[in-house]
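I have placed the structure first, in the form of structure tokens, so that the comments after it can refer back to it.
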2 protein chains.
Amino acid sequence: MDRHDLKKAGLKATLPRIRILNILEQSEKRHVSAEDVYRALLDAGEEVGLATVYRVLTQFETAGLVERHNFEGGQAVFELYEGKHHDHIVCNQCGYIEEFVDQTIEKHQHTVAKKAGFDITDHSLIIYGDCTRAKCPHYEG
Amino acid sequence: MDRHDLKKAGLKATLPRIRILNILEQSEKRHVSAEDVYRALLDAGEEVGLATVYRVLTQFETAGLVERHNFEGGQAVFELYEGKHHDHIVCNQCGYIEEFVDQTIEKHQHTVAKKAGFDITDHSLIIYGDCTRAKCPHYEG
DNA sequence: CAGGTAATGCAAAAGCTTCTCATCATATCG
DNA sequence: CGATATGATGAGAAGCTTTTGCATTACCTG
């Protein structure tokens, strides 16, 4: 992703936008909050205002470059959108996030919506649980 | 629900708690925000602080009397818990909410969690769409 | 009904996000 | 390639929802 992709998305290729795009691509965590992005920029010695981070992430969302998710905890997180829809399973203990797709669930959501008389536009499915990774602070493997 | 149910839930039967319980039961809308509850109390001429409404709703949630949902829009909504789990389908246009349960979806969530190595504790499934009720401001029946 | 403990109300604060507005960078056109 | 108009940025203030601190008040027990 570079200034080209920004223009294709209808956005001027400004320095802050390019930097934020880079952060999103290079981040170790795939799902980051606006604050995470802001800190990463500071750590990289790049001066970008927090307000700009929020603005740009919202523009990216509108342009379809990123997705915003509202997991529990009040803070929105963003991830690069790479063309393939997926849902999330989140660890209550360590915040670890895994992505998944289940075709049966997807199909049944459409059935449910139709039955209820809704034209489905979107959905949000988040499973919460305790992961069993050795890294997890709660895991007593 | 009355003072008895509060005590069973381990909560002192105070006036504010009883009043809030009443609001939740008598509300036309099943899903209400803290602000909604606060306004309803004021409209009923009952003086309860907003902070108390937030505190009590959180206690009710902990006690299992209500469920909290974070739909889009940033404001949490609460509904009385009546023993039966369900998910929600929300109209983008008018905010109308319908409840549903789909056993296949429920089952597959557990499968997904197991495959990912998670002990599932909870989940949040919200379908967004446009409803086709005559009341809906967007509906062009 | 008196006393201890817990709940309330108010106001202040906290956390996240958006807005305002003066300044600055970008794309365009000459 | 440089001037210009347009749109983006930064800093701080403001907005909204929710939480907290603390003095006062209400509830339950005996």
Side-chain angles (χ1 to χ4, degrees), chain A residues 2-23 31-42 44-63 65-78 95, chain B residues 2-24 31-42 44-63 65-79 95:
Chain A
D2 58 357
R3 48 191 315 122
H4 234 116
D5 298 279
L6 287 172
K7 294 206 179 157
K8 270 193 288 185
L11 296 170
K12 241 198 243 187
T14 66
L15 222 43
R17 299 216 257 238
I18 292 167
R19 284 170 171 163
I20 291 171
L21 209 45
N22 285 339
I23 295 291
H31 302 82
V32 293
S33 67
E35 191 74 31
D36 289 337
V37 172
Y38 179 61
R39 284 233 184 70
L41 287 164
L42 292 191
E46 291 170 339
E47 305 233 327
V48 175
L50 181 57
T52 299
V53 173
Y54 274 102
R55 263 187 304 238
V56 168
L57 287 172
T58 300
Q59 292 158 350
F60 283 5
E61 186 193 11
T62 303
L65 295 177
V66 307
E67 282 192 335
R68 180 196 305 253
H69 303 291
N70 294 294
F71 298 156
E72 284 181 359
Q75 210 159 337
V77 299
F78 300 82
Chain B
D2 57 356
R3 48 193 313 123
H4 235 117
D5 298 280
L6 287 171
K7 293 205 180 156
K8 271 193 288 185
L11 297 169
K12 238 197 246 187
T14 64
L15 221 43
R17 299 217 258 237
I18 293 166
R19 286 169 170 165
I20 290 171
L21 209 46
N22 284 341
I23 295 291
L24 289 171
H31 303 82
V32 292
S33 67
E35 190 74 29
D36 289 336
V37 172
Y38 179 60
R39 284 235 184 71
L41 287 164
L42 292 191
E46 290 169 340
E47 305 233 326
V48 176
L50 181 55
T52 299
V53 173
Y54 274 100
R55 266 187 301 236
V56 168
L57 287 172
T58 299
Q59 293 158 349
F60 283 5
E61 185 193 11
T62 304
L65 295 179
V66 307
E67 282 193 333
R68 179 196 305 253
H69 304 292
N70 293 293
F71 298 156
E72 283 181 0
Q75 211 159 334
V77 298
F78 300 81
E79 68 173 318

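Residue numbers begin at 1 in each chain, while the letters A, B, ... track the order of the sequences. Nothing here was measured: the structure is a model prediction, and the numbers come from that model.
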For B/T58 and A/G49, find the nucleotide of DNA chain D closest to each by heavy atoms; which residue's nucleotide sits nearer the 5' end? A/G49
Scoring nucleotides 11-17 of chain C by protein non-hydrogen atoms under 4.0 Å (B base, S sugar-phosphate only, - none) yields B----SB
Can you tell me how far P of D/dC28 sits from NE2 of B/H4, to the nearest Å? 11 Å
CG/B/L24 to CG/B/L65 distance, rounded to the nearest 0.5 angstrom? 9.5 Å
How many whole angstroms separate atom CD1 of A/I18 from atom P of D/dA8? 14 Å
Rounded to the nearest 0.5 Å, how far does NE2 of B/H4 lie from CG of B/L6? 10.5 Å
A/E61 atom CD is separated from C/dT18 atom C1', nearest whole Å, by 14 Å
Donor-acceptor contact below 3.5 Å, side chain A/D36 vs main chain A/S33: yes
Please enumerate all protein N or O atoms sitting under 3.5 Å from an N or O of nucleotides 25-30 of chain C, with distances to 0.1 Å.
from, atom 1, to, atom 2, distance (Å)
C/dA27, OP1, A/A13, N, 3.3

Residues which pass side-chain contact (heavy atoms from CB on, under 4.5 Å) with A/K7, listed by chain and number, not counting sequence neighbours: A/A13
Hits for side-chain contact (heavy atoms from CB on, under 4.5 Å) against B/E72, two or more places apart or cross-chain, chain-then-number order -> B/Y128
Measure the CD-CZ distance between A/E46 and A/R19 for me, rounded to the nearest 0.5 Å. 4.0 Å
Using 0.5 Å steps for rounding, measure from the CG atom of B/L11 to the CZ atom of B/R3. 12.5 Å
Quick one: which residue pairs count as a side chain to side chain donor-acceptor pair (under 3.5 Å) with a foot in residues 47-63 of chain A, not counting sequence neighbours? A/R17-A/Q59, A/T52-A/R55, A/T58-A/R68, A/E61-A/R68
Measure the spacing between CG of B/L21 and CG of B/D5 and express it to the nearest 0.5 Å. 7.0 Å
Using five pairs at each end of the helix from C/dC1-D/dG30 to C/dG30-D/dC1 to define an axis, what is the angle between those two axes, to 10°? 30°
Taken to the nearest whole Å, CD/A/E72 to P/D/dT18 is 14 Å
Given A/I20, which partner from the list A/V56, A/L15, A/V66 fulfils the side chain to side chain contact (heavy atoms under 4.5 Å, CB included) test? A/V56
Side-chain contact, heavy-atom cut-off 4.5 Å: A/T14 with A/I18? no
Tell me the interatomic distance from B/Y38, atom OH, to C/dT8, atom P, rounded to whole angstroms. 15 Å
Roughly how many Å is it from CG in B/L42 to P in C/dG9, rounded to a whole number? 11 Å
Is A/R55 touching bases, backbone alone, or none of the nucleic acid, heavy atoms closer than 4.0 Å? base
